[in-house]
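Scroll down for the structure; my scribbles are underneath it.
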Amino acid sequence: MQVEKKVLANLTKCYSIAPLTYQGRFHFLVAAEKTDRCILFDETGKEVDTVWEGPGGVMTMVQVPGSDGQFLATHKFYSPNDSKKAKLVTVTPADGVWEVKTLAELPFVHRFDILVRNGVKYLIACTLKSGHAYKDDWSCPGKVYCAVLPDDLSTFDEAHPLPLTVLKEGLTKNHGYARTEDGGMNTAVISCENGIFQFLPPEQKNGEWEIRELLGVPASDAVLLDLDGDGRKELAVLSPFHGDTFSIYQDRGEGFFKVYECPDKMEFLHAVYGGPLCRIPRVVIGFRKGERNLVSFSYCRESGTYEREIIDRDCGPANVCHYMVNQNDVIISANRETDEIAMYTVTPSSDELAPITVRKMSKETEGL
């Protein structure tokens, strides 16, 4: 692969990224973990607007399906030890102003999503823990909540929150989340100290969720995709919580079995994307301590194992997002440890065995 890097903006402790269709065009959002703003960019990486100046504490943002720019976000989750006031908010564009309203107070809410099945929108929200008495106290496990999300969200506010139902509890260090298409539907892959679980929304509006245990090992994050092209999905796993080990587990029909573990430790693994990149299924991961690299893994048929390419070094990614523009792959990375919002335009190399190269755009060429 060949990679061209461009720093779009500097944002202190940049963290959360989300695609957003707004005014009929593709955009993306980047928001801060700490007290800083949320920025809207167009597909070329041009800054379009400031959605809010604060309060920050944004772990997740998700567009409301079918809307023109309306999205949900977490606010006031500043760290595992400072998130008692965390909540979900609705953000709605109106006449050039972004209206922010409380959807539900949900202490320690970390990840969430909106899954759609048979035309019904389901909110699924994960709390990292449920309480604590002192710093780094994990004695109160997290939970997974759900709710049917109405088409009209304007009636909800701080005094009239959206009611939530507990789907599953007892999930220690309930950190990881990835949306996965499975069987033609949206599903959720949730990772915690107890293992990795897949949540399938109900077939009917008032039906029951299905919860599958995929793997019983502690995990910080995981993505589910077919990496080797055999028609069965692999689990690419970052472990344990904020850990240093990247592994791949293969579905053999009777459960998942480990088939690869990266020989090098990568301290504070955090960012993860699983999907196509340069026409090949890949997993892109980033880690926030030590070498702080952004790395891609893909399956090599010739060697029968997984190979690694370094996309960028010493950048400290917290989260990444992938999309296509002009038939080129683009990765947006919230490089939290360097306060960089970075765009990586990735193109296939003419020589598949050529090492990856990174060209950083100069100030003179940034506007071209």
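- Taken together through direct or relayed side-chain contacts under 4.5 Å among Ile, Leu, Val, Met, Phe, Trp and Tyr, Tyr177 and Val189 form parts of separate hydrophobic clusters.
- Shown here is Asp152, whose CG atom has more than 12 heavy atoms of other residues, nucleotides or ligands within 6.0 Å.
- When atom types are taken as modelled, the side chain of His110 and the backbone of His175 share a donor-acceptor pair closer than 3.5 angstrom.
- No donor-acceptor distance shorter than 3.5 angstrom exists from the side chain of Asn326 to the backbone of Asn328, with no hydrogens or angles considered.
- Closest of all the heavy-atom pairs between Ala147 and Leu164 is CB-CD2, 3.8 Å.
- No side-chain heavy atom of Val283 sits under 4.5 Å from any side-chain heavy atom of Ile248.
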Begin with the C-alpha distance, continue with both residues' side-chain angles, and end with the deciding distance and a verdict on side-chain contact (heavy atoms from CB on, under 4.5 Å) for Glu99 and Gln70.
CA-CA 9 Å; Glu99 181 186 40; Gln70 186 181 50; over 6 Å; no

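- The two residues Ile114 and Pro65 come nearest to each other via the heavy atoms CG2-CD, 3.7 Å.
- Linking Ile, Leu, Val, Met, Phe, Trp and Tyr whenever their side-chain heavy atoms come within less than 4.5 Å leaves Val148 and Leu162 in two separate clusters.
- Other residues, nucleotides and ligands contribute more than 12 heavy atoms inside 6.0 Å of the CZ atom of Arg252.
- Between the side chains of Glu340 and Asn10, no donor N or O sits under 3.5 Å from an acceptor N or O.
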Using residues 198-211 as the side-chain source, report each donor-acceptor pair under 3.5 Å to any protein atom, sequence neighbours left out, with the distance given to one decimal.
unit_1: Gln198; atom_1: NE2; unit_2: Asp182; atom_2: OD2; d: 3.0
unit_1: Gln198; atom_1: NE2; unit_2: Thr187; atom_2: OG1; d: 3.0
unit_1: Glu210; atom_1: OE2; unit_2: Arg212; atom_2: NE; d: 2.9

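- Minimum interatomic distance between Val223 and Ala178 (heavy atoms only, all atoms of both residues): CG1-CB, 4.0 Å.
- Looking at Asn174, its side chain never comes within 3.5 Å of a backbone N or O of Cys192 through a donor-acceptor pair.
- Looking at Lys143, its side chain never comes within 3.5 Å of a backbone N or O of Leu167 through a donor-acceptor pair.
- There is a side-chain donor-acceptor pair under 3.5 Å between Lys265 and Thr245.
- Side-chain contact of His27 with Tyr22: a donor-acceptor pair under 3.5 Å is absent, judged by distance alone.
- Contact of the Thr90 side chain with the Leu72 side chain is registered, since non-hydrogen atoms from C-beta on lie closer than 4.5 Å.
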May I have the step-by-step check of salt bridge (Lys or Arg N to Asp or Glu O under 4.0 Å) for Lys121 and Asp151, ending in yes or no?
CA-CA 8 Å; Lys121 297 189 289 286; Asp151 291 332; 2.5 Å; yes

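- Environment of NZ in Lys76: sparse, with no more than 12 heavy atoms of neighbouring residues, nucleotides or ligands closer than 6.0 Å.
- Side chain of Asp113 to main chain of Leu115: no donor-acceptor pair is present (N/O by atom type, distance under 3.5 Å, no hydrogens or angles).
- Two residues are said to be in side-chain contact when any heavy atoms from C-beta on lie closer than 4.5 Å; Gln63 and Thr21 meet this criterion.
- Remark: of the listed residues Phe246, Phe297, Tyr299, Tyr299 is the sole one forming a ring pair (Phe, Tyr, Trp, His ring centres under 6.0 Å) with Tyr306.
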Run the side-chain contact (heavy atoms from CB on, under 4.5 Å) check on Thr102 and Phe156 step by step: do they pass?
CA-CA 7 Å; Thr102 297; Phe156 300 109; over 6 Å; no

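- In this structure, the ring of Phe108 has its center less than 6.0 angstrom from the ring center of His132.
- Formation of a donor-acceptor pair under 3.5 Å by the Ser220 side chain with backbone atoms of Leu238 is not found in this model.
- Residues Ser16 and Met59 fail the side-chain proximity criterion, which asks for heavy atoms closer than 4.5 Å.
- Side-chain atoms of Phe112 and Leu123, non-hydrogen and from C-beta on, do get closer than 4.5 Å to each other.
- At least one side-chain heavy atom of Ile332 sits under 4.5 Å from a side-chain heavy atom of Tyr323.
- Transitive grouping of hydrophobic side chains (ILVMFWY, heavy atoms separated by less than 4.5 Å) brings Met266 and Tyr260 into a common cluster.
- When all heavy atoms of Leu29 and Cys38 are compared, the closest pair comes out as CD2-SG, 4.1 Å.
- Without hydrogens or angle criteria, Asn194 side chain to Thr172 main chain gives a donor-acceptor distance under 3.5 Å.
- Hydrophobic clustering places Val3 together with Tyr273 (ILVMFWY residues linked when any side-chain heavy atoms are closer than 4.5 Å, directly or through intermediates).
- A donor-acceptor pair shorter than 3.5 Å cannot be found between the side chains of Asn81 and Ser79.
- Looking only at distances, a side-chain donor or acceptor of Glu234 sits under 3.5 Å from a matching main-chain atom of Leu227.
- Shortest non-hydrogen contact noted between Asp157 and Lys101 is CB-CE, 4.1 Å.
- Cluster membership check: Ile124 does not share its hydrophobic cluster with Val62, using side-chain heavy-atom separations under 4.5 Å among Ile, Leu, Val, Met, Phe, Trp and Tyr.
- Between the side chain of Glu193 and the main chain of Phe241, no donor-acceptor pair closer than 3.5 Å is present.
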Go through Arg308 and Asp264 one step at a time and tell me if the side-chain contact (heavy atoms from CB on, under 4.5 Å) criterion holds.
CA-CA 11 Å; Arg308 170 178 43 171; Asp264 296 330; 2.8 Å; yes

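- Taking 4.5 Å as the limit, some side-chain heavy atom of Ser333 sits within range of a side-chain heavy atom of Tyr344.
- His270 and Asp221 share no side-chain donor-acceptor pair at under 3.5 Å.
- Taking the six-membered ring where tryptophan is involved, the planes of Trp52 and His75 are perpendicular, since the angle between them exceeds 60° and thus also 30°.
- Within the 3.5 Å criterion, the main-chain N or O of Gly231 finds a donor-acceptor partner in the side chain of Asp226.
- The two atoms that bring Thr180 and Leu224 nearest to each other are CG2-O, 3.7 Å, heavy atoms only.
- Few gaps surround CD on Glu105; more than 12 heavy atoms of other groups in view lie less than 6.0 Å from it.
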Kindly indicate, with the supporting measurements, whether the criterion side-chain contact (heavy atoms from CB on, under 4.5 Å) is fulfilled by Leu8 and Phe28.
CA-CA 12 Å; Leu8 305 181; Phe28 62 90; 3.7 Å; yes

